[in-house]
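Report on the following structure.
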Amino acid sequence: EAHGRLAASSAQARALASVVIPRSTEAYEAAVAGYERGKFDYLEVIDAQRSLISARSLLVEAQESYHKARSFIGALVGPIEDDAAAAASD
C-alpha cells in the first residue's frame with residue numbers, strides 16, 4: 001500500500017509540475033494581459049489565479065504524500081534510493 005502511494009504521489013507531482021502548473025500559469029498570465037487590454041473582466045483573472053493556486057496546492061499535497069510514504073517505507077526497509085525524490089521535491 002505504501003509503495004502504491006509513493007508511486008501515485010510521485011506521478012501526480014510530476015504531472016502537476018510539468019503540465020498542470022505551467023498551463024495554469026500561462027492561463028493566468030493570459031488573463032492578466034487580456035484584462036490589461038480590456039478584453040477580459042477581473043473575474044476571469046481571479047478565476048485563473050484561483051486555478052493556479054489550486055494546482056500549486058495540489059502539488060504541495062502530492063509532495064507531502066510522497067514524502068510521508070517514502071519515510072514510512074524507509075522506516076521499514078531503510079532508505080530508498082531513486083530519482084523520484086528529486087522530482088517530487090521540485
Side-chain angles (χ1 to χ4, degrees):
E1 181 182 337
H3 186 268
R5 280 184 291 151
L6 182 73
S9 56
S10 176
Q12 183 180 20
R14 287 176 194 246
L16 286 163
S18 65
V19 178
V20 177
I21 290 176
R23 287 184 183 168
S24 295
T25 301
E26 289 173 10
Y28 171 69
E29 290 170 353
V32 169
Y35 173 75
E36 290 171 349
R37 289 190 304 261
K39 293 185 177 190
F40 301 127
D41 60 25
Y42 195 64
L43 184 58
E44 291 176 89
V45 174
I46 297 296
D47 188 47
Q49 184 180 42
R50 180 194 51 78
S51 294
L52 176 57
I53 291 168
S54 177
R56 288 178 177 166
S57 178
L58 288 173
L59 175 59
V60 170
E61 290 172 13
Q63 290 171 331
E64 176 188 25
S65 177
Y66 172 85
H67 288 291
K68 282 182 177 179
R70 186 177 172 90
S71 294
F72 181 77
I73 293 170
L76 294 176
V77 298
I80 302 169
E81 299 295 328
D82 66 3
D83 293 335
S89 64
D90 285 343

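Everything quoted here is computed from the prediction, not taken from an experiment.
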**OP:** Enumerate the residue pairs fulfilling salt bridge (Lys or Arg N to Asp or Glu O under 4.0 Å) with a member in residues 46-55, sequence neighbours excluded, ordered by first and then second residue.
**Re:** Asp47-Arg50
**OP:** Search all heavy atoms of Leu16 against all heavy atoms of Ala55 and return the closest pair with its distance.
**Re:** CD2-O, 4.2 Å
Original post:
How long is the span from the OG atom in Ser65 to the CZ atom in Arg70, to the nearest 0.5 Å?
Top reply: 13.5 Å
**OP:** Can you sort out the partners of Ala69 under side-chain contact (heavy atoms from CB on, under 4.5 Å), two or more places apart, ordered by chain and number?
**Re:** Arg5, Leu6
Subject >> Short side-chain to backbone donor-acceptor contact, Ser9 and Tyr66, under 3.5 Å >> reply: yes
**OP:** Name all pairs fulfilling the salt bridge (Lys or Arg N to Asp or Glu O under 4.0 Å) condition that reach into residues 22-35, sequence neighbours left out, sorted by first residue then second.
**Re:** none
For residues 34-44, please give each side-chain donor-acceptor pair under 3.5 Å, one per line with the distance, not counting sequence neighbours.
residue : atom : partner : partner atom : Å
Asp41   : OD1  : Leu43   : N            : 3.3
Asp41   : OD1  : Glu44   : N            : 3.2
Glu44   : OE2  : Asp41   : N            : 3.3

Original post:
What pairs of residues pass the salt bridge (Lys or Arg N to Asp or Glu O under 4.0 Å) test when at least one of them lies in residues 55-66, not counting sequence neighbours?
Top reply: Glu64-Lys68
**OP:** Give a yes or no on whether Ile46 and Val32 share a hydrophobic cluster (residues Ile, Leu, Val, Met, Phe, Trp, Tyr; joining criterion: side-chain heavy atoms under 4.5 Å apart).
**Re:** yes
Original post:
Can you tell me how far OG of Ser24 sits from CG of Leu58, rounded to the nearest 0.5 angstrom?
Top reply: 9.5 Å
Original post:
Excluding sequence neighbours, so at least two apart, what forms side-chain contact (heavy atoms from CB on, under 4.5 Å) with Ser51?
Top reply: none
